[in-house]
Amino acid sequence: MLLLSIGYNNKKKYISIYKGLRMSISIVILAAGKGSRMKSTTPKVLHEISGKAMLFHAIDAGQKISDDITVVLYHQAQRVQAQIEAHYKNINFHMQDAEQFPGTGGAMKGVTTKYEKTLILNGDMPLITQDSLLALTGGDADINMSVIQLNDPSGYGRVIINNEKVQEIVEQKDCTEAQLQTKTVNAGIYCVNTQLLNRYIPLLSNDNAQEEYYLTDIVKMAVDEHKTVSPIYVEEEEFKGVNSKFDLATAEIIMQNRIKKELMEQGITMRFPDSIYIDCRATFEGECTLENGVTILGASKLINAHIKTNSIIEDSIIEDSDVGPMGRIRPLSYLKDTHVGNFVEVKKSELIGVKAGHLSYIGDATVGEGSNIGAGVITCNYDGKAKHKTTIGKNVFVGSDCQLVAPVNIEDDVIVAAGTTLNKDVPQGSLAITRSALKFVPNFFYKFFGK
Ligand code: UD1
Ligand code: MG
């Protein structure tokens with residue numbers, strides 16, 4: 001009961017005691033469930049939260065404390081495994097025989113782990129933190145189990161505690177009237193002595209209301225053998241399972257708040273943070289400002305950047321530059337010492353020391369220092385078959401409403417006159433101009449509309 005009395009709020013102290021044990025824990029992530037309440041053809045655990053599949057959030061938290069991670073799969077197993085393998089090395093997979101052995105206990109049948117303790121996580125708990133995992137893996141109890149106190153315990157397995165000792169977990173569908181009143185519930189994450197786990201799993205039965213093999217039954221088995229079972233009281237927010245699109249949106253809000261709080265603590269300024277969206281992979285350095293309605297996607301990197309109202313940055317680096325309002329920087333762009341104004345779209349381009357103030361499309365281009373891109377300039381990078389590059393040198397002035405038909409190269413110190421359609425390379429120091437002659441027809445207005 002030592003852990004019970006230390007409690008969740010003192011977990012920091014507790015973690016520091018047990019930090020030395022970090023890499024001797026095995027982790028099993030249960031991700032075989034169907035997730036039918038998501039009403040989606042995408043497997044539940046691949047739904048994204050803040051730019052990353054929820055299963056990956058669990059794997060990332062796990063990898064911070066363990067080098068032996070096994071993911072249990074069944075529904076759409078190949079698709080989930082392929083996604084995991086595209087992002088991670090060294091993850092083990094176990095295929096559940098869910099037809100014969102359904103349920104969380106069935107999921108553990110045949111799983112082998114490397115270390116003395118096995119931490120069992122759910123693939124649909126993306127909000128769990130490394131600190132909580134460490135709190136669950138510490139101590140010398142035979143089983144640490146995560147427990148939450150809830151006003152409304154419905155849906156959860158109830159934890160029956162007598163004289164401060166855990167007796168068993170009873171699933172809601174198997175509860176007596178009296179047991180249903182219990183407000184202490186099983187949060188669904190356990191750290192178990194591996195030897196015990198290996199001995200108990202084959203002994204599980206499906207003699208219950210759902211005819212499933214319940215992992216939770218190992219608790220009563222341990223109690224009957226006078227093993228120690230420690231309840232670790234955890235925060236509901238972190239252990240909430242995502243089962244529906246509403247849960248997904250709720251988890252996203254919680255994660256967004258965490259990301260933004262951490263960044264503000266780091267010194268990032270945010271105007272109306274509730275209107276801002278930031279991918280969990282994005283990083284910030286120096287003094288950055290995000291105005292309202294800004295969206296930062298992918299692994300973008302912002303260094304001393306000012307992103308103005310309603311702009312979108314995706315998988316790009318913005319350094320000592322400002323964007324927007326209503327600017328859009330698409331993947332693989334690099335902006336340095338650059339001003340990008342309203343309604344400018346940049347894609348896969350490098351702009352260093354550039355001004356592009358209004359209404360432009362700059363795609364597959366490099367633009368050199370001191371160059372100005374006038375309003376309405378378009379790089380015509382696509383000919384219907386392939387994408388082509390535009391290269392603009394230093395100190396180039398591209399006047400308004402020009403079309404730069406790629407592939408095209410503009411050397412340094414060039415003026416491209418307003419309205420020019422450029423389809424040839426421009427040598428250094430030149431003026432490029434295509435313009436049909438201007439003529440006046442006297443009194444035409446009056447002839448046409450009458451006086
Ligand atoms: C489980 C617990 C319950 C607890 C709750 C907390 C059991 C029997 N009950 O119930 O006490 O309060 O979690 O959220 O464990 N899974 C598989 N294979 C299966 C079934 C499930 O891998 O055959 C995986 C799911 O993908 C999921 C996890 O196990 O990640 C939990 O399954 P779920 O069906 O949500 O369990 P609950 O019924 O909610
Ligand atoms: Mg559940």
Side-chain angles (χ1 to χ4, degrees), residues 27-38 43-47 53-59 62 70-77 80-81 93-111 119-128 136 143 145-150 152-160 166-175 179-180 182-190 192 197 200-201 204-221 229 231-232 234-244 247 251:
I27 292 183
V28 178
I29 304 177
L30 305 184
K34 196 168 178 185
S36 34
R37 278 176 284 168
M38 292 300 275
K44 172 162 99 168
V45 291
L46 292 186
H47 283 271
M54 57 174 139
L55 176 59
F56 293 0
H57 287 287
I59 294 177
T70 302
V71 180
V72 179
L73 299 172
Y74 176 68
H75 282 284
Q76 298 202 55
V80 180
Q81 181 168 343
F93 297 96
H94 177 79
M95 217 49 65
Q96 180 181 357
D97 181 354
E99 300 294 327
Q100 267 210 70
F101 300 111
T104 49
M108 290 300 296
K109 262 190 197 293
V111 174
L119 176 66
I120 303 164
L121 307 179
N122 290 347
D124 62 358
M125 290 184 181
L127 296 170
I128 210 138
L136 274 157
I143 300 180
M145 57 169 296
S146 56
V147 167
I148 327 176
Q149 294 280 10
L150 290 181
D152 173 14
S154 57
Y156 286 88
R158 309 298 203 273
V159 183
I160 311 301
V166 172
Q167 302 301 315
E168 61 179 325
I169 301 171
V170 185
E171 291 307 295
Q172 169 152 321
K173 287 183 180 154
D174 301 290
C175 277
Q179 286 170 333
L180 281 177
T182 310
K183 298 202 163 163
T184 307
V185 303
N186 168 28
I189 290 187
Y190 326 83
V192 189
L197 185 68
Y200 289 160
I201 293 295
L204 293 174
S205 92
N206 65 346
D207 183 15
N208 53 53
Q210 301 184 83
E211 296 187 347
E212 284 187 1
Y213 293 83
Y214 292 163
L215 176 60
T216 44
D217 286 350
I218 65 168
V219 168
K220 183 155 191 324
M221 291 176 177
V229 179
I232 310 283
V234 296
E235 277 174 13
E236 185 190 350
E237 179 184 283
E238 273 187 53
F239 287 75
K240 246 185 155 0
V242 172
N243 294 306
S244 64
D247 292 343

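Here the structure is a predicted model, which is why all the values come from computation and not from measurement. Whatever order the structure lists ligands and atoms in, that order sets their numbers, starting from 1. Position 1 is the first residue of the sequence; numbering continues from there.
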Exercise. For ligand 1, which atoms have a heavy atom of G157 less than 4.0 angstrom away?
Worked result: 3 (C), 4 (C), 11 (O), 12 (O)
Using a 4.0 Å heavy-atom threshold (strictly under), name the region of [X] that reaches ligand 1: side chain, backbone, both or neither.
X: N186; result: both
X: E171; result: side chain
X: A187; result: backbone

Hey, is ligand 1 close enough to [X] that some N/O pair sits below 3.5 Å?
X: G33; result: yes
X: Y156; result: no
X: L30; result: yes
X: A107; result: no
X: F101; result: no

How about [X] and [Y]: do any of their side-chain heavy atoms sit closer than 4.5 Å?
X: H94; Y: V28; value: no
X: R158; Y: Q172; value: yes
X: D124; Y: H47; value: no

Exercise. Relative to atom 18 (N) of ligand 1, which among Q96, M54, Q172 owns the nearest non-hydrogen atom?
Worked result: Q96
